[in-house]
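Any value given below was found using the heavy atoms of this structure, including those in side chains, with hydrogens, waters and symmetry copies removed.
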Amino acid sequence: MEALLVARVAVECPLCGEVFKYPVTLQCGHSCCKVCLQDFWERKGARECPICRRLEITHRPPINLALKIAADRFQVEQSAAATLKLEEVCATHNERYKLFCQRDELPICTVCQVSKDHRNHECCTIADAAKDRKAGISPRYTSLSNHLSTLERVRDNWRETEIYIKTQADETEQMIKEEFQKLHSFLWEEEAARLTLLREEEERKAERVRTKLEDISKQVDDLSAIIRDADETINSSDIRFLNDYKKTISRLRFTMQEPEVLTEALIDSTQHVSSLKYDVWKKMADMVYHYPLYLDPNTAQANLVLSDEFTSVHYGKRCPVPSNHERCSSRMAVLSVAGFTSGKHSWDVDVGEGTEWYIGVARESVNRKDTVFLNPAEGFWVIGLCNSYTYWAQTSPRTRLVVRSKPERITVELDYDKGKVTFLNATDSSIMYTFRDKFTERVFAFFSPGMYEEGNSSPSPLKICPLKNSILLY
């Protein structure tokens, strides 16, 4: 308490007697509150030090920052001391707490100990009681603290996911628009081509009709002139008629031709319209592809880049994606969208010129966040290429594979019911390796492309090969 009194004198304003709020220091070295000094100068009518009466030349004395910090600290310490005193003193006897009653679980003073309320109660020192009880709550406190950290981490992940959902929706919307734009362009081009064929037929048949129309119009004009002249001769006098008779007879011997019947003169509308949608659909089948499976971007490790149609994957720049439950974080891997729980399934993978990769199947419950081994015991049935030339079946221990020719495309055959995963070299149709196991849960296609150093090489993607389109007619 004495120390606090000494400290208060050092930070007390000589005018108001309170702890400094905004202390200013005069040229003479004395300090006082800024507001108190202004009031003093106004009442005094002169700018002089209230302590030594020395005239102050400065109109606005500077605030003493060090003194303000000291004053603020003193107020905080004074408030804490007052609170501490209130908490440590027995309200009944005004004595400091020194003991802890084990029965009543309360801090008491020495007078409380001999009073009737706590007489014959087991007591211990405040320090021992606090130590024992801190040790007792420490495991629970640690558990709650760890749980709080987990909740905060999950909360941050959900916030990140909320933001990413908007980004993902926008990106997906753009991809949808781009795909439909391709379809629209195809249809517009097809429409233009078919309209061109229609106009060509229109021009061709119109020209044919024009030619026939000109020919028959000439015949009409010639015959009209003959009939007109004959009519004039017939209606003339008998002498004139007889004089022109031979000429008239000669002209009336005009050879008459039956007008040509013009067939297939009209536009063949059925040719242009009747099977239009079917023909366009067949033609569209040549420009679209169907795949046996697709990659799930929500399972892809953050450094993996997927194609627009989610059918190929390669290593690239890390993307800001949320660490959702499905995502592979420990492995540079991505799983297929569809999983399998029965039946036979197969797909071809174009491994290209990659120097390192792993492909196969993985069960749904594999550990996607921590480091695991790629073997059946961990839920993986895969083969891979290491160091550009060595092929391995990821058994435990792993099995080196002998290949007759370097595969550029590999067929993966899954027979879920028989527990078989077979890998074939599509180059020569040879079997590279067959896993035999028992599947008890859903399995997914597994893809892991190799890493590469930017500038030294280009990424070599793993590609799912498309199926051949076929149109069945019934």
Once rounded to the nearest 0.5 Å, what's the spacing between atom [atom1] of [X] and atom [atom2] of [Y]?
X	Y	atom1	atom2	result
Gln301	Ser330	CD	OG	9.0 Å
Arg153	Asn157	CZ	CG	7.5 Å
Leu198	Glu191	CG	CD	11.5 Å
Gln102	His121	CD	NE2	11.5 Å
Thr161	Trp158	OG1	CH2	6.0 Å

Taking the side chain from Ser149 and the backbone from Ser145, do they hold a donor-acceptor pair closer than 3.5 Å?
yes
Side-chain donor/acceptor of Asn387 to backbone N/O of Tyr389, under 3.5 Å:
no
Taking atom [atom1] as the centre, does [X] end up with more than 12 heavy-atom neighbours from other residues, nucleotides or ligands that are less than 6.0 angstrom away?
X	atom1	result
Arg73	CZ	no
Arg140	CZ	no
Arg155	CZ	yes

Under-4.0 Å salt bridge between [X] and [Y]:
X	Y	value
Arg159	Glu162	no
Glu200	Arg204	no
Lys166	Glu171	no
Arg368	Glu326	no

Classify the side-chain pair Glu413/His345 by whether it contains a donor and acceptor separated by less than 3.5 Å.
no
In terms of side-chain heavy atoms, does Gln219 have a donor or acceptor partner in Asp215 at a distance below 3.5 Å?
yes
Please confirm whether Phe439 and Tyr416 have ring centers closer than 6.0 angstrom.
yes
Under the 6.0 Å and 45° cation-pi test, does Lys420 pair with Phe435?
no
Passing candidate, side chain to side chain contact (heavy atoms under 4.5 Å, CB included) with Ser31, options Leu37, Thr25, Val24
Thr25
Sole residue of Thr434, Asp437, Thr395, Asn375 in side chain to side chain donor-acceptor pair (under 3.5 Å) with Trp381:
Asp437
